[in-house]
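First the structure, in the form of structure tokens, and then the observations on it.
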Amino acid sequence: MTEPSTQQPRRSPLPPTATDTDSGGRSTVPLDSTAQLLTRVTAQLATQLSLVSRNGTRRPMHRTRPSDTPRLPAAPRPSPAEAAPPTLLVVAHGSRDPQALRTVLALLDRVRDLRPGLDVRLGHIELNQPLLPDTLDGLRGADAVLVPLLLGRGHHVKHDLPAAAAAAPSVRTRIAAPLGPHPLLVEALYGRLVEAGWDPADEGGRRAAVVLAAAGSRDPDSAQDTRRTARMLAERLGAVPVVPAYASAATPTVPAALRALAARGRHRTFVASYFTAPGRFASAAASAAASAAPRAAAVPLGAHPAMARLLLHRYDQALSATAPSEMVSLLASA
């Protein structure tokens with residue numbers, strides 16, 4: 001006769017589930033597993049609730065993160081203005097002298113070096129390609145600041161540039177003030193004089209003087225701007241006389257100014273070329289200086305570093321003037 005086995009049935013290491021039943025359909029879950037079952041249900045419920053947002057929608061699984069992990073702020077998206085600043089459109093007069101275009105292009109390269117990423121383009125009023133209307137036509141739908149490569153207020157600044165901007169309504173344009181008068185122009189003029197042989201020892205000397213040779217204009221505002229630049233240059237030179245003279249449309253001429261200074265005992269006289277690039281007027285001023293004694297003539301301002309800085313200054317100044325009345329003020333008081 002076989003004795004009944006006293007060995008207890010081996011329990012599963014895993015907690016029993018509510019579906020475990022015996023052959024009679026009775027549950028085999030022991031009473032001491034109820035707490036474990038409640039713990040499991042609570043944990044599953046907490047997991048499901050973590051996937052539901054406050055508005056009742058279900059969060060995607062891949063976007064959930066532990067509550068102790070800080071959520072990094074999203075990177076700010078650049079505004080259109082930051083992504084593409086307005087084009088700097090330099091407006092030159094133009095010249096038949098082949099050196100003029102090369103000089104202006106070298107100046108634009110300096111501007112690009114100072115402001116990497118800025119779209120810098122060129123347009124001419126006449127005589128050279130590209131002409132201003134053609135450059136504007138290539139900027140349809142864009143923003144542009146027209147910066148005149150001109151030294152004072154005159155017909156081109158007051159009439160030609162606004163007319164060109166009005167004829168290109170598909171381009172959102174602003175017109176900057178002309179380059180002069182400005183201390184950066186004086187810096188460029190002084191640098192060119194030193195290159196031509198001006199000695200700082202001459203500053204304040206009784207025999208030294210400078211003729212500021214400019215193109216000339218019938219516009220009284222243009223002549224006023226040139227005289228103001230002459231006064232600023234005289235201060236930079238230590239009160240050395242600086243006489244404005246003109247290649248056309250105004251007096252005195254460069255030869256007349258040189259003769260007048262010589263009559264006053266100013267025999268060490270230099271000619272400062274108040275021109276942005278080589279051309280007919282700059283050549284005429286240099287010839288007048290060479291025939292009078294001779295005198296030394298500085299080269300045009302051209303691609304002097306101060307000129308590149310001044311172009312960017314006028315560009316930034318125009319961008320900061322948001323109201324049309326401010327733009328008018330810039331043109332009137334520059």
For this session: Identify the heavy atoms of Arg314 and Ala176 that sit nearest to each other, and give their distance.
Result: O-CB, 3.6 Å
Exercise. Got a sec: does the CZ of Arg121 have more than 12 other heavy atoms crowding it under 6.0 Å?
Worked result: yes
Exercise. Which pairs pass side chain to side chain donor-acceptor pair (under 3.5 Å) with one or both residues in residues 235-255, sequence neighbours excluded?
Worked result: none
For this session: Could you tell me which non-hydrogen atom of Ala164 sits nearest to which non-hydrogen atom of Leu132, and how far apart they are?
Result: CB-CD2, 3.5 Å
For this session: Check the pair Arg115 / Asp316 against side-chain contact (heavy atoms from CB on, under 4.5 Å), numbers first and verdict last.
Result: CA-CA 11 Å; Arg115 191 75 60 89; Asp316 294 334; 2.9 Å; yes
Seminar exercise, completed: Tightest non-hydrogen contact, residues Gly123 and Thr135, listed as CA-OG1, 3.7 Å
Problem set entry | Leu310 CG to Leu179 CG distance, which is reported to the nearest 0.5 Å | 4.5 Å
Exercise. side-chain contact (heavy atoms from CB on, under 4.5 Å) between Arg192 and His304: does it pass, once the steps are laid out?
Worked result: CA-CA 8 Å; Arg192 294 305 190 204; His304 191 280; 3.7 Å; yes
Problem set entry | Inter-residue atom distance Thr226.OG1 - Tyr274.OH, 0.5 Å rounding | 5.5 Å
Exercise. If Ile, Leu, Val, Met, Phe, Trp and Tyr residues are connected whenever their side-chain heavy atoms lie under 4.5 Å apart, and connections chain through other members, are Leu131 and Leu88 in the same group?
Worked result: no
Exercise. Cluster question for you: counting only ILVMFWY and a side-chain heavy-atom cut-off of under 4.5 Å, with indirect links fine, are Leu101 and Leu311 together?
Worked result: yes
For this session: Take Val210 and Leu237, measure what side-chain contact (heavy atoms from CB on, under 4.5 Å) needs, and give me the verdict at the end.
Result: CA-CA 9 Å; Val210 172; Leu237 295 174; 3.7 Å; yes
For this session: Give a yes or no on whether a salt bridge exists between Arg112 and Asp119, defined as a side-chain N under 4.0 angstrom from a carboxylate O.
Result: no
Problem set entry | Flag side-chain contact, heavy atom, 4.5 Å: Glu195 against Val299 | yes
Problem set entry | Positive for side-chain hydrogen bond (donor to acceptor under 3.5 Å, both in side chains) with Asp219, one of His155, Gln224, Lys158 | Lys158
For this session: Evaluate the side-chain contact (heavy atoms from CB on, under 4.5 Å) criterion for residues Met307 and Thr276: first the C-alpha distance (whole Å), next the side-chain angles of each, then the deciding distance (0.1 Å), finally the verdict.
Result: CA-CA 9 Å; Met307 292 288 286; Thr276 58; 4.3 Å; yes
For this session: Report whether Leu118 and Leu107 are members of the same hydrophobic cluster (ILVMFWY, side-chain heavy atoms less than 4.5 Å apart, transitive linking).
Result: yes
Problem set entry | Heavy-atom side-chain proximity of Phe281 to Ser95 below 4.5 angstrom | no
Problem set entry | Note, Arg227 side chain near Pro244 side chain (heavy atom, < 4.5 Å) | yes
Problem set entry | ILVMFWY cluster, Phe275 and Val147 together (side-chain gap under 4.5 Å) | no
Exercise. Is there a side-chain contact between Arg266 and Pro241 (heavy atoms, below 4.5 Å)?
Worked result: yes
Problem set entry | Any Pro305 side-chain heavy atom under 4.5 Å of Arg110 side chain | yes
Exercise. If only atom types and distance count, is the side chain of Ser273 paired as donor or acceptor with the main-chain N or O of Ala298 below 3.5 Å?
Worked result: yes
Exercise. Should Val254 and Leu261 be regarded as members of a common hydrophobic cluster, given that ILVMFWY residues are connected when their side-chain heavy atoms come within less than 4.5 Å of each other, either directly or indirectly?
Worked result: yes
Exercise. Side-chain contact, heavy-atom cut-off 4.5 Å: Pro200 with Tyr190?
Worked result: yes
Seminar exercise, completed: Of all heavy-atom pairs linking Asp225 and Gly180, the shortest is OD2-O, 4.3 Å
Seminar exercise, completed: Minimal heavy-atom distance between Ala165 and Thr173, with the atoms involved, is CB-OG1, 3.4 Å
Problem set entry | Beyond-backbone contact of Val90 with Leu108, side-chain heavy atoms, under 4.5 angstrom | yes
Exercise. How far does OG of Ser170 sit from CG of Asp137, to the nearest 0.5 angstrom?
Worked result: 7.0 Å
Problem set entry | For Pro86 against Val145, the heavy-atom pair lying closest together | CB-CG2, 4.2 Å
Exercise. When the aromatic ring centroids of His93 and His124 are compared, is their separation below 6.0 Å?
Worked result: no
Problem set entry | Leu212 side chain near Leu189 side chain, heavy-atom distance below 4.5 Å | yes
